[in-house]
Amino acid sequence: MNILGICGSLRKASYNMAALRACTELMPQGVTLHITSIADIPMYNQDVMDAGMPDPVKRLRGEIAAADGVLMASPEYNFSLPAPLKNAIDWASRAPNQVFQDKPVAIISAAAPGPLGGARVQYDLRRILTQLWAYPLPRPEVFIGMANTKFDAQGKLTDDTTRKFLTDLLNGFRDWIVRMQPKK
Ligand SMILES: Cc1cc2nc3c(=O)[nH]c(=O)nc-3n(C[C@H](O)[C@H](O)[C@H](O)COP(=O)(O)O)c2cc1C
């Protein structure tokens, strides 16, 4: 089983990217996580789309289409999605073959120094993904509040409780992907 990781933050020292990296080591047996980048996705413009999808967009859409599931880790910006993540989803959503159709998606969020851990971005993401006929994992939810106290300066996860929450979510996501397979 192959999961694609997408981070909503572009900054080098991102806590959300650090959380995704931690997940690579916590994946259940037989499941791998490949983390992609959305840093090179241009701003959505219908004129550009009409002239032909840019290569970074084609790459991202191909990665999403090929994955058994997508794990999104995102900060909350002004109570909602960061622009790069919304922009990437908008590109991915365009016909033909909008790539979130029937795609299991798990969401985590990290925030610093706030304590809520990006709760609101998760609900906005769920709303958008449901609209695209994706299958967001209902539970568990993982919000990493005060992320600055849970990762060290190198971005390594140092908090055992967060490690357990992430492990539970990843196990639940594997089961969810199996459950969402079309009936034969
Ligand atoms: C434009 C902007 C808006 C933000 N708005 C929120 C917010 O609404 N809620 C919140 O918890 N944190 C907010 N933050 C703080 C982020 O949680 C914090 O910068 C976080 O570390 C960013 O994630 P990253 O470490 O993955 O880059 C905001 C940060 C920026 C730059």
Side-chain angles (χ1 to χ4, degrees), residues 3-27 31-45 56-57 59-60 63-64 67 69-93 100 103-131 134 136-170 172-173:
I3 311 286
L4 182 72
I6 300 179
C7 182
S9 170
L10 303 185
R11 79 187 182 96
K12 250 185 276 165
S14 161
Y15 293 115
N16 285 279
M17 184 55 93
L20 270 186
R21 288 204 198 95
C23 287
T24 58
E25 291 167 16
L26 303 173
M27 297 309 277
V31 188
T32 56
L33 174 64
H34 161 72
I35 302 172
T36 191
S37 171
I38 56 170
D40 55 353
I41 305 291
M43 285 301 285
Y44 187 83
N45 177 335
V57 173
R59 187 211 75 234
L60 178 70
E63 288 172 327
I64 296 171
V70 175
L71 173 62
M72 291 186 178
S74 182
E76 175 176 293
Y77 281 3
N78 296 310
F79 288 16
S80 191
L81 276 73
L85 182 58
K86 180 62 163 60
N87 182 55
I89 294 172
D90 289 343
W91 274 112
S93 74
F100 281 109
K103 190 66 66 180
V105 182
I107 301 166
I108 60 177
S109 56
L116 288 184
R120 290 157 295 218
V121 68
Q122 293 209 10
Y123 296 119
D124 277 5
L125 258 175
R126 283 178 187 280
R127 189 163 50 88
I128 292 163
L129 290 166
T130 306
Q131 190 281 127
L137 173 71
R139 281 200 299 271
E141 297 175 304
V142 177
F143 309 104
I144 309 174
M146 295 187 286
N148 49 313
T149 66
K150 292 168 182 165
F151 296 88
D152 68 16
Q154 283 70 48
K156 190 173 158 33
L157 179 61
T158 52
D159 183 64
D160 284 341
T161 307
T162 303
R163 187 171 289 110
K164 180 174 181 318
F165 285 152
L166 288 173
T167 303
D168 289 349
L169 177 137
L170 295 171
F173 192 34

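Note that ligands are numbered from 1 as they come in the structure, with each ligand's atoms numbered from 1 the same way. As the structure is a prediction and not an experimental result, all values here were calculated from the model. Side-chain atoms are counted along with the backbone in the values below, which use heavy atoms only and exclude waters and symmetry mates.
Only the side chain of S9 comes within 4.0 Å of ligand 1, counting heavy atoms alone; its backbone N, CA, C and O stay farther away.
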All N/O donor-acceptor pairs, side-chain side in residues 80-90, below 3.5 Å, sequence neighbours left out:
residue : atom : partner : partner atom : Å
S80     : OG   : D124    : OD2          : 2.6
K86     : NZ   : D90     : OD1          : 3.0
K86     : NZ   : D90     : OD2          : 3.3
N87     : OD1  : Y44     : N            : 2.8
N87     : ND2  : P42     : O            : 2.8

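With respect to atom 8 (O) of ligand 1, the closest heavy atom belonging to the protein is F79 N, 2.8 Å. From the protein, the heavy atom lying nearest to atom 21 (O) of ligand 1 is Y15 CD1, 3.6 Å. The protein heavy-atom contact nearest to atom 11 (O) of ligand 1 is A111 CB, 3.6 Å. Nearest non-hydrogen protein atom to atom 5 (N) of ligand 1 is N78 N, 2.8 Å.
A search for side-chain contact (heavy atoms from CB on, under 4.5 Å) contacts involving P136 returns R126, L129, T130, not counting sequence neighbours.
Remark: among candidates P75, A19, G155, the nearest residue to atom 22 (C) of ligand 1 is P75, based on non-hydrogen atoms. Across the listed options E76, R11, M17, R11 owns the non-hydrogen atom lying nearest to atom 25 (O) of ligand 1. The nearest non-hydrogen atom to atom 19 (O) of ligand 1, considering only A13, G117, A112, comes from A112.
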>> Assess the residue pair L116 and F143 against the criterion (side chain to side chain contact (heavy atoms under 4.5 Å, CB included)); give the C-alpha distance rounded to whole Å, side-chain angles, the decisive distance to 0.1 Å, and a yes or no.
In response: CA-CA 7 Å; L116 288 184; F143 309 104; over 6 Å; no
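Within the 3.5 Å criterion, the main-chain N or O of A110 finds a donor-acceptor partner in the side chain of N16. The closest donor-acceptor contact from the side chain of R120 to the backbone of E76 lies at 3.5 Å or more, if one exists at all. Although no hydrogens or angles enter the test, the distance criterion places no donor-acceptor pair under 3.5 Å between the side chain of S74 and the main chain of C7.
Counting the atoms of ligand 1 from 1 in the order shown, those under 4.0 Å from a heavy atom of N16 are 23 (O), 24 (P), 26 (O).
Annotation: the span from I38 atom CD1 to L10 atom CG amounts to 5.5 Å, rounded to 0.5 Å.
When only interatomic distances are considered, the shortest N/O to N/O separation between Y77 and ligand 1 does not fall below 3.5 Å. Considering backbone and side-chain atoms alike, A110 places every N or O at 3.5 Å or more from each N or O of ligand 1.
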